[in-house]
Protein chains: 2
Amino acid sequence: MTKNRNPLSAREILARNLKDMRGKLGLSQEALADMAGLHRTYVGSVERAERNISIDNIERLAKALNVHTSSLLME
Amino acid sequence: MTKNRNPLSAREILARNLKDMRGKLGLSQEALADMAGLHRTYVGSVERAERNISIDNIERLAKALNVHTSSLLME
DNA sequence: ATGTGACTTTTAGTCCGTT
DNA sequence: GAACGGACTAAAAGTCACA
């Protein structure tokens, strides 16, 4: 029997992807925040899945990371 | 030379997908809104790309439509 | 069955700092 | 460099009466 993992929320998936992709580009939270026109502390809280981010800001982060918006939500 | 169409915003992609998927299921805006625990007029305004919807509400709509959150943002 | 404008409540998002 | 906190302002959530 396979384990019953509880599904990640969309917030958590986004948080993980953000952190991964940012790390692969060697960017700090602050650098990414600047590129996306957002605040340093805000990006941090999104990566901790604490914030209910809006679609416009998901898009800004995607553009800063040079990926499609949907890929930030892909599991 | 291929035409230079301006890219759809994430809002517009979501709006189009929402409308399409809802239509294919034969649901009214009100029925979908009820299933997602949202207000009828709110869902309407999201389908018109008027609102900057948050990730939690995108997820509620995805669950109501029985699709993955990322597929609502897929072009 | 959907669109619109107006509205109040809640939260997104910023900015200051400390650990 | 990142987590975390408090206080603040801008904007999203959520609702309604009416077209």
Side-chain angles (χ1 to χ4, degrees), chain A residues 6-75, chain B residues 6-75:
Chain A
N6 46 346
L8 294 171
S9 67
R11 277 192 201 201
E12 290 167 329
I13 294 171
L14 176 70
R16 197 198 50 189
N17 287 340
L18 217 49
K19 223 172 168 170
D20 283 358
M21 294 178 182
R22 176 175 67 74
K24 276 180 187 154
L25 294 176
L27 297 169
S28 66
Q29 289 180 349
E30 186 163 20
L32 174 59
D34 287 349
M35 292 166 74
L38 295 170
H39 200 269
R40 168 182 76 77
T41 60
Y42 184 69
V43 170
S45 65
V46 170
E47 284 192 359
R48 272 173 266 122
E50 289 170 1
R51 296 268 184 164
N52 184 15
I53 189 173
S54 70
I55 192 171
D56 285 2
N57 281 345
I58 298 174
E59 187 172 31
R60 296 177 96 163
L61 289 167
K63 284 192 170 130
L65 292 167
N66 230 332
V67 296
H68 195 273
T69 308
S70 64
S71 70
L72 281 180
L73 294 176
M74 232 120 166
E75 212 161 1
Chain B
N6 46 345
L8 293 171
S9 68
R11 276 193 205 202
E12 290 168 329
I13 294 171
L14 175 71
R16 197 200 49 190
N17 287 341
L18 217 51
K19 222 172 168 170
D20 283 358
M21 294 177 182
R22 176 175 67 75
K24 275 179 188 154
L25 295 176
L27 297 168
S28 66
Q29 289 180 350
E30 185 162 20
L32 174 60
D34 287 348
M35 293 166 73
L38 296 170
H39 200 271
R40 170 185 79 77
T41 60
Y42 182 69
V43 170
S45 64
V46 170
E47 284 193 357
R48 272 172 268 120
E50 289 169 0
R51 293 224 186 200
N52 184 15
I53 189 174
S54 70
I55 192 169
D56 286 1
N57 281 345
I58 298 174
E59 187 172 32
R60 297 178 95 160
L61 289 167
K63 284 194 170 127
L65 291 167
N66 228 338
V67 295
H68 195 274
T69 308
S70 65
S71 70
L72 281 180
L73 292 177
M74 232 120 166
E75 212 160 0

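Proteins get letters first, then strands, A, B, ... in listed order; numbering begins at 1 in each.
- Checked by atom type and distance alone, the side chain of B:Asn52 pairs as donor or acceptor with a backbone atom of A:Asp56 at under 3.5 Å.
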Please list, for nucleotides 3-8 of chain D, all pairs of protein and nucleotide N/O atoms separated by less than 3.5 Å.
unit_1, atom_1, unit_2, atom_2, d
D:dA3, OP2, A:Gln29, OE1, 3.4
D:dA3, OP2, A:Gln29, NE2, 2.7
D:dA3, O5', A:Arg48, NE, 3.4

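- When rounded to the nearest whole Å, the span between NE2 of A:His39 and P of C:dG17 equals 11 Å.
- At the phosphate of C:dT2, OP1 or OP2 sits under 4.0 Å from a side-chain N or O atom of B:Arg22.
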* Could you walk me through whether A:Leu27 and A:Met35 pass the side-chain contact (heavy atoms from CB on, under 4.5 Å) check? -> CA-CA 10 Å; A:Leu27 297 169; A:Met35 292 166 74; 3.9 Å; yes
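- Backbone-only engagement by A:Gly37 is indicated by non-hydrogen atom pairs under 4.0 Å involving sugar-phosphate atoms exclusively.
- Annotation: side chain of A:Leu61 is in contact with side chain of A:Ile53 (closest heavy-atom distance under 4.5 Å).
- Checking B:Ala31 against A:Arg11, the closest nucleotide of DNA chain C that is more toward the 5' end is the one next to B:Ala31.
- Across the protein-nucleic acid pair, B:Leu61 atom CG and D:dG14 atom P stand 11 Å apart, rounded to whole Å.
- Proximity of A:Asn52 to the phosphate of C:dT11: no side-chain N or O atom is located under 4.0 Å from OP1 or OP2.
- The pair B:Glu47-B:Arg22 meets the salt-bridge criterion, with a side-chain N (NZ, NE, NH1 or NH2) lying under 4.0 Å from an Asp/Glu carboxylate O.
- Distances shown here put every side-chain N or O of B:Asn57 at or beyond 4.0 Å from the OP1 or OP2 atom of D:dA12.
- Using a 4.0 Å cut-off between charged side-chain N and carboxylate O, B:Lys63 and B:Glu59 make a salt bridge.
- Going from atom CD1 of B:Ile53 over to atom P of C:dT10 covers 19 Å, rounded to whole Å.
- The side chain of B:Tyr42 contributes no N or O atom lying less than 4.0 Å from OP1 or OP2 of D:dG14.
- Taking atom CG of residue B:Leu32 and atom C1' of nucleotide C:dA1, one finds them 14 Å apart after rounding to whole Å.
- Distance CG (B:Asp56) to P (C:dA12): 7 Å, rounded to an integer number of Å.
- Remark: the backbone N or O of B:Ser45 is not paired with any side-chain donor or acceptor of B:Arg51 at under 3.5 angstrom.
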Scan the side chains in residues 68-75 of chain B for donor-acceptor partners under 3.5 Å anywhere in the protein, sequence neighbours excluded, and list what turns up.
unit_1, atom_1, unit_2, atom_2, d
B:His68, ND1, B:Ser70, N, 3.1
B:His68, ND1, B:Ser70, OG, 3.0
B:His68, NE2, A:Glu75, OE1, 3.4
B:Ser71, OG, B:His68, O, 2.7
B:Glu75, OE1, A:His68, NE2, 3.4

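- Between A:Ile55 atom CD1 and D:dA13 atom C1' the separation is 15 Å, expressed in whole Å.
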